[in-house]
There are 2 protein chains.
Amino acid sequence: MSKHRPRSPRRSPSRRRAAATCCAPLDALLDPRLFRALGDPTRIALLVRLARCRGPCSVGEAAACCAVDLSVVSRHLALLHDAGVLSARKKGRTVLYSVRYGELCRALRALADSIEACCPNGAARRRSKGECHE
Amino acid sequence: MSKHRPRSPRRSPSRRRAAATCCAPLDALLDPRLFRALGDPTRIALLVRLARCRGPCSVGEAAACCAVDLSVVSRHLALLHDAGVLSARKKGRTVLYSVRYGELCRALRALADSIEACCPNGAARRRSKGECHE
DNA sequence: ATTATATTTGCATAGTTGTGCAAATGAGCA
DNA sequence: TGCTCATTTGCACAACTATGCAAATATAAT
């Protein structure tokens, strides 16, 4: 997901082998940077706004959805961009942001799949409603 | 997502209308509380650990995955529980936490669906790779 | 009751984050 | 060149967060 990342030394090389195989992708998919980016109400509002725009949206236009300073909006959009949620394109003196629908959806679905794969009786994917004890 | 919540409205029947209708569910699905909970490396480590456990896991057991104080682990697990990511069950003097696989997956997929529905040419769902400009 | 184990809570603290304002940059236009 | 508009950056500050340690609670075992 995240665009350019300084490669965190998080994971230890041979961390737990036994029950690890199925959940291996989880580590990569569960990127705190993505979730942190989505963890702020103002940024969520901006993301929804961008999604509703159906197409590129300038910083000023995006700012219409929330009552914070324009500079704050600029920072939030940059952060969402860094997290890989938005793409940015410069057109003249304005910056056009748009939602990276495909990337975002793929990341979320991959995560869901990976989590599901860890579910004790997760083999019955997508079938019955109550496949997992919860 | 969040444990006790007024039942998010499913997908709108007529997908894509004036541009605003289709994204209505997004507001409900994009819950900052969930993402904030997943936005911390230690909590992610705990979640992965819990997923690997394949079944209930005590606070002490979960703590094995990260080098923070047990009290911190306790707080993180409580937070994940509040966010609806984990379920908790008390057994004697230990508390068993487990991943709410179903809820979590459903939330992520619903979110992916909802985002995709906002995509300008999102009608081609799941078909081609590059359905969306990004 | 006493002791031991599992978890939680109170408090202090260092670090991070969201915010506004003012100034700076950048890009088009007269 | 100046002028205007869109966006970003520097700075300060309040609020929040993650953390560790010590003490408190809860439950089980002796």
Side-chain angles (χ1 to χ4, degrees), chain A residues 2-6 8-10 30-50 53 55-83 85-98, chain B residues 2-3 30-50 53 55-83 85-98:
Chain A
S2 62
K3 274 212 316 146
H4 23 52
R5 189 127 76 101
S8 69
R10 275 254 148 266
L30 278 167
D31 181 5
R33 295 217 339 148
L34 169 63
F35 296 120
R36 202 172 263 284
L38 297 178
D40 178 79
T42 306
R43 281 194 292 271
I44 290 295
L46 284 168
L47 177 55
V48 171
R49 167 79 159 144
L50 269 274
C53 258
C57 216
S58 75
V59 176
E61 285 167 354
C65 72
C66 46
V68 296
D69 194 84
L70 203 70
S71 69
V72 173
V73 172
S74 171
R75 269 185 271 249
H76 278 313
L77 292 176
L79 193 153
L80 284 168
H81 176 252
D82 288 349
V85 176
L86 303 180
S87 66
R89 184 167 53 95
K90 202 159 187 188
K91 182 95 187 248
R93 57 188 158 184
T94 83
V95 177
L96 282 314
Y97 283 101
S98 24
Chain B
S2 59
K3 264 207 325 150
L30 278 167
D31 180 5
R33 290 207 354 138
L34 169 63
F35 296 119
R36 203 171 262 283
L38 297 178
D40 178 79
T42 306
R43 280 195 292 271
I44 290 295
L46 285 168
L47 177 55
V48 171
R49 167 78 161 143
L50 270 271
C53 258
C57 215
S58 75
V59 176
E61 286 167 351
C65 72
C66 45
V68 296
D69 196 84
L70 203 70
S71 68
V72 173
V73 172
S74 171
R75 269 185 271 248
H76 278 312
L77 293 175
L79 193 154
L80 284 168
H81 175 252
D82 287 350
V85 176
L86 304 179
S87 67
R89 184 167 52 95
K90 201 160 189 188
K91 181 94 187 252
R93 57 187 156 184
T94 85
V95 177
L96 284 311
Y97 283 101
S98 25

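Keep in mind that this is a model prediction, so the values were computed, not measured.
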To the closest 0.5 Å, what do you measure between SG (A/Cys57) and CG (A/Leu96)? 8.0 Å
Quick one, which residues of residues 69-80 of chain A touch DNA chain D with a heavy atom under 4.0 Å? A/Leu70, A/Ser71, A/Ser74, A/Arg75
Restricting to side-chain hydrogen bond (donor to acceptor under 3.5 Å, both in side chains), what partner residues turn up for B/Ser71, sequence neighbours left out? B/Asp69
Just verifying a value: how many Å separate B/Leu77 CG and B/Asp82 CG, rounded to the nearest 0.5 Å? 11.0 Å
With rounding to the nearest 0.5 angstrom, report the CG to CG distance, A/Leu46 to A/Leu86. 8.5 Å
Without decimals, in angstroms, what is the distance between B/Glu61 CD and C/dA6 P? 10 Å
Under 4.0 Å, counting only non-hydrogen atoms across every strand here, what does A/Ala63 touch: a base, just sugar-phosphate, or nothing? nothing
Would you please name every residue forming a side-chain contact (heavy atoms from CB on, under 4.5 Å) with A/Ala78, sequence neighbours left out? A/Tyr97
Can you tell me the distance, in whole Å, between the CG atom of B/Leu46 and the P atom of C/dT7? 13 Å
For each nucleotide in nucleotides 24-30 of chain C, reading 5' to 3', give B when a protein heavy atom comes within less than 4.0 Å of its base, S when such contact involves only the sugar-phosphate, and - otherwise. --BBS--
How far does CG of A/Leu80 sit from CZ of A/Arg75, to the nearest 0.5 angstrom? 14.0 Å
Side-chain donor-acceptor distances from residues 38-45 of chain A under 3.5 Å, at least two apart:
{"from": "A/Asp40", "atom 1": "OD2", "to": "A/Thr42", "atom 2": "N", "distance (Å)": "3.0"}
{"from": "A/Asp40", "atom 1": "OD2", "to": "A/Arg43", "atom 2": "N", "distance (Å)": "3.1"}
{"from": "A/Arg43", "atom 1": "NE", "to": "A/Ala37", "atom 2": "O", "distance (Å)": "2.6"}
{"from": "A/Arg43", "atom 1": "NH1", "to": "A/His76", "atom 2": "ND1", "distance (Å)": "3.1"}
{"from": "A/Arg43", "atom 1": "NH2", "to": "A/Arg36", "atom 2": "O", "distance (Å)": "3.2"}

Considering non-hydrogen atoms only, spot the tightest contact between A/Val95 and A/Ala88 and give its length. CG1-CB, 4.2 Å
Please check this pair: side chain of A/Arg49 against backbone of A/Cys66, looking for a donor-acceptor N/O pair closer than 3.5 Å. no
Tell me the closest heavy-atom pair linking A/Pro56 and A/Glu61, and the distance in Å. O-OE1, 4.4 Å
Students should find this one: the first and last nucleotides of DNA chain D, 5' to 3', lying under 4.0 Å from a heavy atom of chain A. What are they? D/dT4 to D/dC11
